[in-house]
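Remember, predicted model here, so these are calculated numbers, not experimental data.
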Amino acid sequence: MKKLFLLSLVLAFTFVGQLLLGLVRSDGIFLEPLLVLPWILVPPLLKMDRKFYYLSFLVGLIWDLCFEPIIGPGIIAWSMTATLIWWSLSKLSGRGLGVWAGLGSASAMLVWVFRALSLRIVGLQAGTPGTEIVVSALMTGVFCLFIGFLYKMDIPSRIHRMRIRRLR
Amino acid sequence: MRARTAPRFRLLLIWILLELVAAAQVYGPDGSSVLVSWMRSLIQPVESVVSVVLEGVEALQERISSREALVEENLQLSRENQELRLSLLLSQNNARALLQADEALRFLPELGGIPARVLSRSSGLLRLESVSGHQVHEDDPVISAAGILGRVIRVEGKQVWVEELVRPSAAIGIQSEDGKIQGLARGLGGIDLSLLYIPQQADLSIGQLLLSSGSDGVYPPGLPVARVASISESRSPFLHVRAQSLAAPDDLRALRILVFSRNPEAE
């Protein structure tokens, strides 16, 4: 229960961060990464349970509530991207940092493309130019690389080991 | 293969469902939601097909009803045609009767007469219908184109019953063309007449024409009545003579009823 609460808290924090990036709407390229993407990328990368796939629907719904004029495109974009991530990682054996970065970039691009597609179907303009998508994909890849790096660093166990060393 | 297809199909369904949800929230320029316009565009072909089918059914019904009306009109026209034909037949009969009566009048144009059409004939009795509106009386003589036929014995409106000369109860005063021989002709039930009171010394020959003498007070004098058919002597002072009526052919269709002022004393 505590884990779930912590998970929800981190998810909310991520969305607040994404919302702040969206609200600022600056021209800077650092404001483009999809901070939410690791939520659908990490579970298949860490070979977690399949039920974490459904997290993508929750992410999509919150995305719609926060960023979209209507409910639907976010859920479509995030769930479809999650499906493709799960499928591609079932084919890939490597889980190196390159995979984190490459898959993060590709997934970001897919999110934008699926979002634009679902909005176009109902007659709405996505309003996201191609260059922005590319920049966003690159930034998200970097962000995912950073997350992967943190994971590989295994900071909790390092802290644990440091504490033990101090105690000695 | 089937296990792979099912999740993809499910995914597609989810996408479609979510697109429908999104479309329900987007409103077009006309104020209706995109979902409604999608539904309309889906229904429109079906609606147009249904309307075309309905129009076809309506046109068919109209054609069927117009056909029934045509049949009814045709029947009505057929009935009218039949009535007109009957009317034409009657008119033709009337015209024929008038022509035949005119033919009859050739002999005695000064007497005039009422044209009449023969309705039925049996055993020396004729039923006529007066063509004109003139009043007919009992004992009025009736003539055909050939000569005297008989006399009126009953009148009911335009219908007239005539007793022919050939009936046994009928009789007519006759004379030869020169008036020297006088006698009485009686019907025998067939087409022959029996001449009575013809003296043995009378100069009579077979085929001789006999005219009415007017002595009976019913028939006007001088009209053709019969031709002598046979003559034989008998022990009596009179000849036994048979004559054939001139006005008794079977194809009588029109006659004239003579209206002339009789001598009250003769009656």
J.: For atom CZ of Arg50(A), is the number of surrounding heavy atoms from other residues, nucleotides or ligands below 6.0 Å larger than 12?
T.: yes
J.: For each of Ile71(A), Thr83(A), Ile75(A), tally heavy-atom pairs with chain B at distances under 4.5 Å, and name the one with the top tally.
T.: Ile71(A)
J.: Using a cut-off of 6.0 Å, state whether more than 12 heavy atoms not belonging to Phe146(A) lie near its atom CZ.
T.: no
J.: Looking at Ile76(A) and Glu19(B), what are the two nearest heavy atoms and their distance?
T.: CD1-OE2, 3.4 Å
J.: Could you look at Ile14(B) and say if it's the side chain, the backbone, both or neither that has a heavy atom under 4.5 Å from chain A?
T.: side chain
J.: Are there over 12 heavy-atom neighbours, none belonging to Arg67(B), within less than 6.0 Å of that residue's CZ?
T.: no
J.: Check Met80(A) against Leu11(B) and note the closest heavy-atom contact, atom names and distance.
T.: CE-O, 3.5 Å
J.: Please classify the contact between Ser118(A) and chain B as side chain, backbone, both or neither, with a heavy-atom cut-off of under 4.5 Å.
T.: both
J.: Can you name the nearest heavy-atom pair linking Val26(B) to Val122(A), along with the distance?
T.: CG1-O, 3.8 Å
J.: For Gly72(A) and Ala22(B), work out which heavy atoms get closest and say how close.
T.: CA-CB, 4.4 Å
J.: Within a reach of under 6.0 Å around CZ of Phe57(A), are more than 12 heavy atoms found that belong to other residues, nucleotides or ligands?
T.: yes
J.: Counting only heavy atoms not in Gln92(B), do more than 12 sit closer than 6.0 Å to its CD atom?
T.: yes
J.: Answer with side chain, backbone, both or neither: which region of Val34(B) has an atom nearer than 4.5 Å to a non-hydrogen atom of chain A?
T.: side chain
J.: Does atom CD of Gln82(B) have more than 12 heavy-atom neighbours, drawn from other residues, nucleotides or ligands, at distances under 6.0 Å?
T.: no
